[in-house]
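Bear in mind that the values here come from a model prediction, so they are computed numbers and not experimental data. The sequence lines fix the lettering, A, B, ..., with proteins before strands; numbering per chain opens at 1.
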There are 2 protein chains.
Amino acid sequence: MARAATTADAFNAVAEPRRREILDVLAGGERTVSELVELLDLAQPHVSRHLRVLREVGAVEVRDAGRQRVYRLQPKALKPIHDWVSGYADLWAERFGLLDGVLDDIREQEKQDGH
Amino acid sequence: MARAATTADAFNAVAEPRRREILDVLAGGERTVSELVELLDLAQPHVSRHLRVLREVGAVEVRDAGRQRVYRLQPKALKPIHDWVSGYADLWAERFGLLDGVLDDIREQEKQDGH
DNA sequence: TCTTTGCATATCCATATGGGTATACGATGA
DNA sequence: TCATCGTATACCCATATGGATATGCAAAGA
């Protein structure tokens with residue numbers, strides 16, 4: 001149980017940096033597996049497996065093109081993530097207003113200054 | 001390597017459903033560990049460990065109160081997630097307009113109808 | 001000071017998973 | 001039909017991690 005029950009959800013799929021990279025590439029347009037392999041500097045089996053995870057959560061879709069398989073993005077699969085995190089965005093952005101942001105920056109600066 | 005290198009980032013912290021629950025509770029206000037244990041129906045050591053992960057990515061902060069420890073949310077830690085996913089939100093929401101959403105709904109309906 | 005309370009940590013176990021490598025399989029072309 | 005190409009899958013290994021349980025430790029109270 002390296003991850004609790006719902007291991008096949010969008011949150012988990014996206015927790016893997018490589019898979020975010022794949023999605024980022026696909027955001028620029030459809031790609032074949034071999035193109036992804038080349039772009040990501042990853043072994044082909046690994047790309048295929050990451051693509052499988054992304055398929056299982058609906059974040060990508062496939063289309064056959066001869067012996068190639070063309071993957072494309074299905075961004076709607078990421079909507080649950082967006083919906084969830086947006087509630088928190090309200091907390092840091094709108095609820096406290098600008099002053100709070102300034103204070104946060106100051107605290108951050110102090111932390112970086114070694115205190 | 002159950003997860004690639006950057007295992008201690010916000011994306012990973014949030015991939016765990018239990019940890020999202022904890023954050024959701026804390027969004028309602030500060031809580032002690034024992035309060036979280038009670039609310040989440042989780043063993044105390046598990047809550048403590050999840051809190052630790054959340055602390056490591058800066059999503060929560062602690063304050064001592066006698067022998068209790070009060071945790072509070074630090075939503076800014078989730079900003080990287082929000083920033084990343086917002087780019088995709090544009091893809092499904094703004095770029096194609098309303099028509100696309102309608103078409104998607106139709107496709108979805110067809111899929112549910114068994115084709 | 002001794003006990004209790006509240007929490008963090010250590011340890012054990014089981015499992016999910018990422019990388020590496022080999023291989024199977026379908027489509028295309030000779 | 002046979003060889004090759006493009007992908008997917010099967011293994012193997014190492015490791016991260018979640019749950020369970022036991023324990024350590026500091027703070028508060030008797």
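Under 4.0 angstrom from either OP1 or OP2 of D:dT4 there lies no side-chain N or O belonging to A:Arg67. An OP1 or OP2 oxygen of C:dT17 is reached within less than 4.0 angstrom by no side-chain nitrogen or oxygen of A:His50. Within the structure, every side-chain polar atom (N or O) of B:Arg49 is placed at least 4.0 Å from both OP1 and OP2 of C:dC7. Considering only side-chain N and O atoms, B:Asn12 lies nowhere under 4.0 angstrom from the phosphate OP1 or OP2 of D:dA16. Proximity of B:Tyr71 to the phosphate of C:dA8: a side-chain N or O atom is located under 4.0 Å from OP1 or OP2. The shortest distance between the side-chain N/O atoms of B:Arg52 and the OP1/OP2 oxygens of C:dC7 is not below 4.0 Å. Considering only side-chain N and O atoms, B:His46 lies nowhere under 4.0 angstrom from the phosphate OP1 or OP2 of D:dT17. The shortest distance between the side-chain N/O atoms of A:Gln68 and the OP1/OP2 oxygens of D:dT7 is below 4.0 Å.
When the local axes at the two ends of the helix from C:dT1-D:dA30 to C:dA30-D:dT1 are compared, using 5 base pairs at each end, they differ in direction by 10° after rounding to 10°.
A search for ring pair (Phe, Tyr, Trp, His ring centres under 6.0 Å) contacts involving B:Tyr88 returns B:Trp84, not counting sequence neighbours. Scanning for side-chain contact (heavy atoms from CB on, under 4.5 Å) contacts around B:Val62 gives B:Arg55, B:Arg69, B:Tyr71, with sequence neighbours left out.
Without hydrogens or angle criteria, B:Glu38 side chain to B:Glu35 main chain gives no donor-acceptor distance under 3.5 Å.
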